Amino acid sequence: MGRAPASFPERILPDVPREKIPASVGIIMDGNGRWARRFGWERIKGHTAGIDAVRDTARAAAELGISELTLYAFSVENWKRPRREVTYLMELLRRFAIDERPEIERNGIRFRTIGRVAELPEKTFSALRETERLSAGNDGMVLRLALNYGGRAELADAARRIADDVVAGTLRPGDVDEAALAARLYDASMREVDMVVRTASEMRISNFLLWQISYAELVVTDVLWPDFRRANLYTAIREYAARERRFGELVKG
Ligand code: IPE
Ligand code: IPE
Ligand code: MG
């Protein structure tokens, strides 16, 4: 089988030391509409074209040994878009969840979702759930889609779970700390994000992973998401590797 080996990142990126490759990457996939409009096409063509970018980027990330790739695919705010576009996106997501199963299996990928996914249309939700279930036993990269996701919604949902546990008597108010909150996020096993990439030039977070990006390095590129390929990921990683991460400490040496 053609499983992408994660063992030789130095062959792919010889100029980046292995320890400088981010373990957890988040991507705000933006610019699909602008990409389509450039050709005079309707916006939804850009979403379809964006699937190829997802495929190539996920494969490249797995090959590099990145352990978690989290892609922002649909925000809680995106419901405000025209119904036709939302419906199209939901169908695209359903098809993606089904069509990618062989590739996910081949590469040992663990597919997951975060967000208020139960509120998605039933067909989309069940296709996603099934792909999650099928890939749960794999041991490769986590490919996580943020869907009907909002960073504030995630924190509010975690706060509600804390309140429920306090009322149930399984958690004392005095024990509510960062770890208690982190344990109640959508994916409690999610590690902190090292690098957030945003395509299509926008210098904002747009409600993506507020908790998990506290010390993430931000890399913004002009490339529109449908044009994003592995070479663009490598460029972002080179930029990340050149940064000095201090985490509030003083510069050493
Ligand atoms: C990102 O591309 C995809 C989603 C938000 C679903 P956009 O659809 O936001 O494209 P632009 O930003 O309008 O070009
Ligand atoms: C962020 O892109 C959401 C996703 C990529 C899913 P948007 O296009 O929705 O963000 P804004 O409106 O430019 O902030
Ligand atoms: Mg956008």
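All values reported here derive from a predicted model rather than from experimental measurement. Counting convention: from 1, in listed order, for ligands and their atoms alike.
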### Task
With a 4.0 angstrom cut-off on heavy atoms, strictly below it, pick out the residues next to ligand 2 and order them by chain and number.
Ile28, Met29, Asp30, Tyr72, Ala73, Phe74, Ser75, Asn78, Arg81, Arg198, Arg204, Ser206
### Query
Nearest to the Mg ion (ligand 3), which N, O or S atom of Asp30 do we find?
OD1
### Query
Can a donor-acceptor pair be found between the side chains of Glu192 and Ser214 at a distance below 3.5 Å?
no
### Query
With respect to Phe74, which candidate in Trp79, Phe208, Tyr149 satisfies the ring-ring contact (aromatic ring centres under 6.0 Å, His included) definition?
Trp79
#### Entry: Whether Ser75 side chain and Gly150 backbone form a donor-acceptor pair below 3.5 Å
no
### Message
Quick check on His47 - does any of its heavy atoms sit under 4.0 Å from an atom of ligand 1?
### Response
yes
## Note on the structure
d(Leu134 CG, Phe111 CZ) to nearest 0.5 Å is 11.0 Å
### Query
Would you call Asp157 and Arg160 a salt bridge, taking side-chain N to carboxylate O under 4.0 Å as the test?
yes
### Query
Got a salt bridge between Glu130 and Arg133, using NZ or NE/NH1/NH2 to carboxylate O under 4.0 Å?
yes
### Heavy-atom neighbours of Arg238 CZ exceed 12 at 6.0 Å
yes
